[in-house]
Amino acid sequence: MKKTMQPAAGIKVKVILNGPYKVTGDVPLRLETIGTTVHKESEKWIPGKSFPATEQPFYLCRCGHSKNKPFCDSTHKTIHFDGTETAGHIPYVEAADIMEGPDMLLTDVQGLCAFARFCDPNGQVWNMVNDTDDPAVHAQFIKQVGACPSGRLVAWDKATKTPIEPELKPAIGIIEDPSKGVSGPLWLQGGIEITGADGVPYEVRNRVTLCRCGASANKPFCDGSHASIGFKDGL
Ligand code: FES
């Protein structure tokens, strides 16, 4: 199984040591809200307000404490933010658990979970994969897996071992989760290249979520801790 993609042209994100994310390039920055059903199940992404960058490069808060979110205001210095990166560089497919259904595969790297919960409706994708020879389940499975913002979950065509990814133009989403009353990570879409503070690039993926609450134990990636600490950005 191979899962490689070309990096988005002209856009880069650099993790600054114990500081913000430095963003270079012309990339849309906007709210992305988790829309839910009446039963509070994650159903769709709702794009919202844009935050045009007024300078290049621009810096996005990583510690969770800026008073000028989503941008950095240097508060990380006064709070002595420890932004040590702990995620490592194991490629996604090497880290993933694989679940096999009749038509499709599901790969899962649990440590990347951003707690967006698109996996849960309709009996959960880990069970749905077993019924992917049913066309209706097949389509719904691809939709739910593709909505996972972190790319923790990936659907694959079983016969060709090809990942089925949503078409995402390069953009940075600022996730809001009103049904849980919290704010979530930055959602990097469309293969934006991320380089660690040590200068080593992370694997380029179509969907990535970066921690902006400061609490992830898997920095720079989100691990869902924003929900347990009740992170709110006030945007
Ligand atoms: S934003 Fe999700 S763990 Fe920090």
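Numbering of ligands and ligand atoms starts at 1, following listing order.
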Contact atoms of ligand 1, heavy-atom distance to [X] under 4.0 Å:
X      : answer
Pro185 : 1 (S)
Ser225 : 3 (S)
His226 : 1 (S), 2 (Fe), 3 (S)
Arg212 : 1 (S), 4 (Fe)
Cys213 : 1 (S), 3 (S), 4 (Fe)

Please determine whether a side-chain nitrogen of the Lys or Arg among [X] and [Y] lies less than 4.0 Å from a carboxylate oxygen of the Asp or Glu.
X      : Y      : result
Arg207 : Glu165 : yes
Glu193 : Lys12  : yes
Glu41  : Arg117 : no

Would you find a donor on one side and an acceptor on the other, under 3.5 Å apart, between the side chain of Ser66 and the backbone of Phe71?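 Yes, Ser66 side chain to Phe71 backbone: donor-acceptor pair under 3.5 Å.
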
Region of Asp223 that comes within reach of ligand 1 [heavy atoms, distance under 4.0 Å]: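 For Asp223, backbone and side-chain atoms both sit under 4.0 Å from ligand 1.
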
Would you call Thr36 and Ile34 a side-chain contact if the rule is heavy atoms closer than 4.5 Å?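 Touching, per the 4.5 Å side-chain cut-off.
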
So do Glu32 and Pro47 actually touch side chain to side chain, heavy atoms under 4.5 Å?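 A side-chain contact under 4.5 Å exists here.
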
Measure from atom 4 (Fe) of ligand 1 to each N, O or S atom of Cys222 and report whether any distance is below 2.8 Å.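 Within the cut-off used here (under 2.8 Å), Cys222 places no N, O or S atom near atom 4 (Fe) of ligand 1.
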
